[in-house]
Amino acid sequence: MAVIIDVDDINIPELSIYTHLTDARLRKAYEYEHGIFIAESQTVIEVALDSGCKPISLFTDRRYINERASKIIERCGDITVYAADKKLMSQLTGYELTRGMLCAMQRPAPKSVEELCSDAKRIAVLENIADVSNAGAIIRSAAALGIDAVLITPSCCDPLCRRAIRVSMGTVFLIPWGYIGEDEHWWQTKGPAYLNSLGFRTAAMALDDNSVSVDDTALKSEEKLAIILGSEGYGLSRTTIDNCDYTVKIPMYHGVDSLNVGAAAAVAFWELRNSNGE
């Protein structure tokens, strides 16, 4: 049974997980094998619980104890629930937390590339995506538009940082994902060939003289395809592009040269989805 504690001081040590630890420090919380992440809002917390994530504690607006938080508390079992008023909780971010609920959870064990790709037909690879909102939006689109798994290169932002989770609306817990390569050099020089060895043809999303259109018939008919997306400012590295089987562009109109990577990902995922619907 959960233990409910009323708090009136946001700076107490027991709340340090929520108030003083950055996403990077939470990720390296050594008392937990794989670290910690924070899920925000009832919907996201419920999706995380449904996916098997293990809760550590809950911090909620006390108004919700007998309302929207009650079912979550019941599901979480023997944890500590910290309850505070709305004004106190707003001190976390400097503005009112409209969803009024945070849950600290253990990070799940990472999955290997081989495990993620074993039954996949369409995967996305994120290279050096630094903006957490873009990462969350891409993962949400991947889950919604038929991508089977997402691979993250080492220089990308953490998909389990608080804002990325929130922007993804919890879909980061619905679609399998994991890291590829120990460093960016390995990924750029060897990663595409490694995906080839797993049966995937690789498609680098980039504006290039040798690009084919995203609706190219041969590209769309590939049985197994890895769609590779680059950073917000510079796109994919030249090395990655040169090592991929295809370079792919989205045709533009009215003099527009490119889309935000989140928008481009959604277009590419839909256009290149598995035509067999598997």
Side-chain angles (χ1 to χ4, degrees), residues 1-110 130-133 135-136 139 152 156-174 177-179:
M1 180 180 295
V3 177
I4 299 176
I5 299 176
D6 264 325
V7 297
D8 55 14
D9 181 0
I10 203 170
N11 294 309
I12 63 173
E14 292 85 348
L15 291 179
S16 63
I17 288 178
Y18 301 99
T19 59
H20 291 97
L21 299 187
T22 63
D23 286 308
R25 290 181 65 191
L26 287 169
R27 189 176 176 181
K28 297 178 180 178
Y30 296 113
E31 63 268 38
Y32 297 95
E33 183 179 4
H34 304 296
I36 299 170
F37 69 90
I38 304 293
E40 180 180 334
S41 85
Q42 177 185 359
T43 299
V44 171
I45 294 169
E46 288 176 341
V47 174
L49 290 172
D50 289 343
S51 73
C53 292
K54 296 180 179 180
I56 298 168
S57 65
L58 187 72
F59 186 28
T60 182
D61 188 321
R62 65 168 53 93
R63 294 175 302 167
Y64 302 149
I65 289 292
N66 297 315
E67 298 176 4
R68 65 183 71 175
S70 61
K71 291 183 178 179
I72 290 176
I73 293 171
E74 183 178 343
R75 292 184 64 183
C76 287
D78 187 19
I79 66 166
T80 301
V81 177
Y82 300 99
D85 63 30
K86 178 175 65 175
K87 183 177 180 180
L88 185 69
M89 291 200 71
S90 70
Q91 294 178 28
L92 280 171
T93 56
Y95 57 87
E96 182 179 343
L97 280 169
T98 56
R99 295 174 178 87
M101 200 182 307
L102 302 169
C103 187
M105 294 183 160
Q106 297 182 42
R107 294 176 69 99
D131 186 278
V132 294
S133 294
I139 289 171
I152 312 290
C156 281
C157 64
D158 179 16
L160 288 183
C161 73
R162 191 181 305 183
R163 183 167 177 80
I165 295 172
R166 184 168 67 246
V167 173
S168 82
M169 289 299 292
T171 53
V172 68
F173 306 115
L174 300 179
W177 65 272
Y179 288 93

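Numbering starts at 1 and runs along the sequence shown. This structure is a prediction, so every number in the text was calculated from the model and none was measured.
- Take Thr171 and apply the side chain to side chain donor-acceptor pair (under 3.5 Å) test, not counting sequence neighbours, and it matches no residue.
- For the pair Met101 and Leu58, the minimum side-chain heavy-atom distance is below 4.5 Å.
- Residues Gly170 and Val47 approach most closely at O-CG1, 3.3 Å, considering heavy atoms.
- For Arg75, the salt bridge (charged side-chain N to carboxylate O under 4.0 Å, His left out) partners two or more places apart in sequence, or in a different chain, are Asp50.
- Atom CD1 of residue Ile45 and atom CD1 of residue Ile73 lie 10.0 Å apart, to the nearest 0.5 angstrom.
- Annotation: the span from Cys103 atom SG to Ile56 atom CD1 amounts to 8.0 Å, rounded to 0.5 Å.
- For the side chain to side chain contact (heavy atoms under 4.5 Å, CB included) test, residues two or more places apart in sequence or in another chain that qualify with Val7 are Ile5, Ile12, Leu15, Phe59, Tyr82, Ala84, Leu88.
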Inset, instruction - Check the pair Val44 / Arg166 against side chain to side chain contact (heavy atoms under 4.5 Å, CB included), numbers first and verdict last. - result: CA-CA 7 Å; Val44 171; Arg166 184 168 67 246; 5.7 Å; no
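- Applying the ring-ring contact (aromatic ring centres under 6.0 Å, His included) rule to Tyr179 yields the partners Trp177; only residues at least two apart in sequence or on another chain are considered.
- Between Leu26 and Leu160 there is no side-chain heavy-atom pair separated by less than 4.5 Å.
- In this view, Asp158 and Arg107 satisfy the salt bridge (charged side-chain N to carboxylate O under 4.0 Å, His left out) rule, not counting sequence neighbours.
- Gln42 contributes atom CD, which lies 8.5 Å from atom OG of Ser70 (distance to the nearest 0.5 angstrom).
- The side chain to side chain contact (heavy atoms under 4.5 Å, CB included) check on Cys76 picks up Leu49, Pro55, Ile72, Ile79, with sequence neighbours excluded.
- What you find for Val81 and Ala2 is that their closest heavy atoms are CG2-CB, 4.0 Å.
- Note: Thr43 OG1 to Arg68 CZ = 9.0 Å, rounded to the nearest 0.5 Å.
- Within the structure, side-chain hydrogen bond (donor to acceptor under 3.5 Å, both in side chains) contacts touching residues 2-14 (residues at least two apart or in different chains) are Asp6-Arg62.
- For the atom pair CD1 of Ile36 and CD1 of Ile17, the computed distance is 4.5 Å after rounding to the nearest 0.5 Å.
- Listed here is the closest heavy atom pair of Ser168 and Ile139: CB-CG2, 4.5 Å.
- Between Thr60 and Ala69, the closest heavy-atom pair is OG1-CB, 4.1 Å.
- Residues meeting the side chain to side chain donor-acceptor pair (under 3.5 Å) test with Ser133, sequence neighbours left out: Arg163.
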Inset, instruction - Kindly determine whether Asp85 and Lys87 satisfy salt bridge (Lys or Arg N to Asp or Glu O under 4.0 Å), including the steps that lead there. - result: CA-CA 6 Å; Asp85 63 30; Lys87 183 177 180 180; over 6 Å; no
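- Side-chain atoms of Tyr18 come within 3.5 Å of backbone N or O of Ala104 as a donor-acceptor pair.
- For residues 35-57, every residue pair satisfying the ring pair (Phe, Tyr, Trp, His ring centres under 6.0 Å) rule, not counting sequence neighbours, is listed here: Phe37-Phe173.
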